[in-house]
**Q** 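Encoded as structure tokens, here's the structure I'll be asking about.
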Amino acid sequence: MSTSTEHHDAKIAAMQFASVYPHYVAKVIKKGRTETELRTVISWLTGYTDEAISQAISEKINFETFFNQAQLHPNAHLIKGVICGYRVEEIENPLTQKVRYLDKLVDELAKGKKMEQILRHPI
């Protein structure tokens with residue numbers, strides 16, 4: 001089982017979404033994707049509108065608040081794989097798992113996966 005420490009989970013919860021967002025943007029743009037595609041992925045996972053994403057950035061909310069206010073997509077459980085050394089489907093802390101879901105989706109976008117695959121549309 002992939003577990004993380006309480007300290008690690010607390011550190012993730014306290015991180016500001018606004019401090020991580022520019023890294024997401026840089027990662028996907030460097031690989032030829034767009035910020036619009038990134039926001040589509042974030043919206044799919046969280047239910048946030050484009051305006052709500054911008055507001056979360058301007059208000060500098062932490063990941064705990066960001067995901068507490070989110071409506072997680074019903075297919076989020078289909079996100080699987082390893083990110084940052086953890087198998088996302090095995091992460092026990094619910095908030096840490098949601099953050100790693102987002103990290104995994106950003107990674108898939110940067111790696112050139114088709115949007116239909118990233119957004120877990122049934123074929």
Side-chain angles (χ1 to χ4, degrees):
M1 276 260 166
S2 291
T3 58
S4 52
T5 65
E6 284 184 37
H7 172 75
H8 182 253
D9 293 334
K11 188 175 173 184
I12 287 175
M15 287 177 63
Q16 289 182 3
F17 175 71
S19 69
V20 178
Y21 183 78
H23 298 286
Y24 291 155
V25 172
K27 182 175 187 171
V28 300
I29 288 176
K30 180 178 163 187
K31 297 294 186 165
R33 301 306 282 260
T34 66
E35 185 173 359
T36 301
E37 289 175 306
L38 172 63
R39 284 182 174 245
T40 298
V41 167
I42 295 169
S43 293
W44 176 86
L45 179 63
T46 64
Y48 278 101
T49 62
D50 195 52
E51 183 179 276
I53 293 169
S54 295
Q55 186 175 354
I57 293 166
S58 68
E59 292 179 3
K60 297 184 169 136
I61 64 173
N62 62 26
F63 272 117
E64 183 171 24
T65 301
F66 183 79
F67 279 105
N68 281 344
Q69 295 175 356
Q71 295 286 325
L72 205 65
H73 194 280
N75 286 345
H77 70 280
L78 298 174
I79 302 168
K80 300 193 184 312
V82 176
I83 193 80
C84 299
Y86 297 97
R87 183 153 285 286
V88 293
E89 63 270 26
E90 295 177 359
I91 295 173
E92 293 175 0
N93 180 286
L95 175 62
T96 300
Q97 185 177 51
K98 291 171 189 172
V99 173
R100 293 304 182 203
Y101 279 164
L102 180 55
D103 291 343
K104 184 68 178 165
L105 295 178
V106 171
D107 194 49
E108 289 176 356
L109 183 63
K111 287 183 176 177
K113 267 196 168 185
K114 292 181 181 175
M115 196 60 84
E116 298 79 32
Q117 291 176 305
I118 296 169
L119 303 184
R120 295 345 192 232
H121 287 301
I123 298 172

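Residue numbers start at 1 and run along the sequence shown. Below, all heavy atoms of this structure are taken into account, side chains as well, without hydrogens, waters or symmetry copies.
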**Q** Can you give me the closest heavy-atom contact between Ala76 and Tyr101, atom names plus distance?
**A** O-CZ, 3.5 Å
**Q** Is there side-chain contact between Ser43 and Asp50, with at least one heavy-atom pair below 4.5 Å?
**A** no
**Q** Answer with yes or no whether the side chains of Asn68 and Thr65 bring together a donor and an acceptor at under 3.5 Å.
**A**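 Per modelled atom types, Thr65 and Asn68 side chains form no pair under 3.5 Å.
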**Q** Determine whether the side chains of Glu35 and Tyr21 contain a donor N or O and an acceptor N or O closer than 3.5 Å.
**A**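 Yes.
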**Q** Let's go through Ile29 and Val25 carefully: what are the C-alpha distance in whole Å and the side-chain angles of both, what is the deciding distance for side chain to side chain contact (heavy atoms under 4.5 Å, CB included) to 0.1 Å, and is it a yes or a no?
**A** CA-CA 6 Å; Ile29 288 176; Val25 172; 3.5 Å; yes
**Q** In Å and rounded to the nearest 0.5 Å, what is the CG to CG distance from Leu119 to Leu45?
**A** 10.0 Å
**Q** Could you label the plane-to-plane angle of the Trp44 and His73 rings as parallel, tilted or perpendicular, counting under 30° as parallel and over 60° as perpendicular?
**A** parallel
**Q** Out of the candidates Arg33, Lys31, Arg120, only one should pair with Glu108 under the salt bridge (charged side-chain N to carboxylate O under 4.0 Å, His left out) rule; please name it.
**A**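 The option that passes is Arg120.
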**Q** Please name the pair of heavy atoms, one in Val88 and one in Ile79, separated by the smallest distance, quoted to 0.1 Å.
**A** CG2-O, 3.5 Å
**Q** To the nearest 0.5 Å, what is the distance between CD on Glu6 and NE2 on His8?
**A** 13.0 Å
**Q** Measure the spacing between CG of Asp9 and CG of Leu95 and express it to the nearest 0.5 Å.
**A** 8.0 Å
**Q** Set out, in order, the CA-CA distance, both residues' side-chain angles and the distance that settles side chain to side chain contact (heavy atoms under 4.5 Å, CB included) for Tyr86 and Thr96, then state yes or no.
**A** CA-CA 10 Å; Tyr86 297 97; Thr96 300; over 6 Å; no
**Q** Taking C-beta and beyond as the side chain, do Ile12 and Arg100 meet within less than 4.5 Å on heavy atoms?
**A** yes
**Q** Counting only heavy atoms not in Gln117, do more than 12 fall under 6.0 Å of its CD?
**A** yes
**Q** Please name the pair of heavy atoms, one in Gln16 and one in Phe63, separated by the smallest distance, quoted to 0.1 Å.
**A**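 Closest pair (atom of Gln16, atom of Phe63, distance): O-CE1, 4.5 Å.
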**Q** Which pair of non-hydrogen atoms, one from Gly81 and one from Glu89, has the smallest distance, and what is that distance?
**A** N-OE1, 3.0 Å
**Q** Can you confirm whether Lys98 sits close enough to Leu72 that some side-chain heavy atom of one is under 4.5 Å from a side-chain heavy atom of the other?
**A**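 Lys98 reaches Leu72 side chain to side chain.
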**Q** Output, in order, the C-alpha distance, side-chain angles, deciding distance and verdict of side chain to side chain contact (heavy atoms under 4.5 Å, CB included) for Asp103 and Val99.
**A** CA-CA 6 Å; Asp103 291 343; Val99 173; 4.1 Å; yes
**Q** With a sphere of 6.0 Å drawn around NZ of Lys113, does it hold more than 12 non-hydrogen atoms of other residues, nucleotides or ligands?
**A** yes
**Q** Within the structure provided, determine whether Glu37 and Val28 are in side-chain contact (heavy-atom separation under 4.5 Å).
**A** no
**Q** Give me the atom names and distance for the closest heavy-atom approach of Phe17 to Tyr24.
**A**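 Taking every non-hydrogen atom into account, CE1-CE1, 4.3 Å.
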**Q** Within a strict 4.5 Å, meaning less than it, do heavy atoms of the Ile42 and Phe66 side chains meet?
**A** yes
**Q** So that I can tick it off, tell me whether Glu116 and Lys114 are bridged by a salt bridge, with the cut-off set at under 4.0 angstrom between side-chain N and carboxylate O.
**A** no
**Q** What's the shortest heavy-atom distance between Met115 and Val41, and which atoms?
**A**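 Heavy atoms only, the tightest pair is SD-CG2, 3.8 Å.
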**Q** How far apart are the C-alpha atoms of Gln71 and Tyr48, what are their side-chain angles, what is the distance that settles it, and do they pass the side chain to side chain contact (heavy atoms under 4.5 Å, CB included) test?
**A** CA-CA 8 Å; Gln71 295 286 325; Tyr48 278 101; over 6 Å; no
**Q** Any side-chain donor paired with an acceptor under 3.5 Å for Arg39 and Thr34?
**A** no
**Q** NE2 of His77 to CD of Gln97: how many Å apart, nearest 0.5 Å?
**A** 11.0 Å
**Q** Could you tell me the separation between the OG atom of Ser54 and the CD atom of Glu59, rounded to the nearest 0.5 Å?
**A** 11.0 Å
**Q** Roughly how far, to the nearest 0.5 Å, is the NZ atom of Lys80 from the NZ atom of Lys104?
**A** 12.0 Å
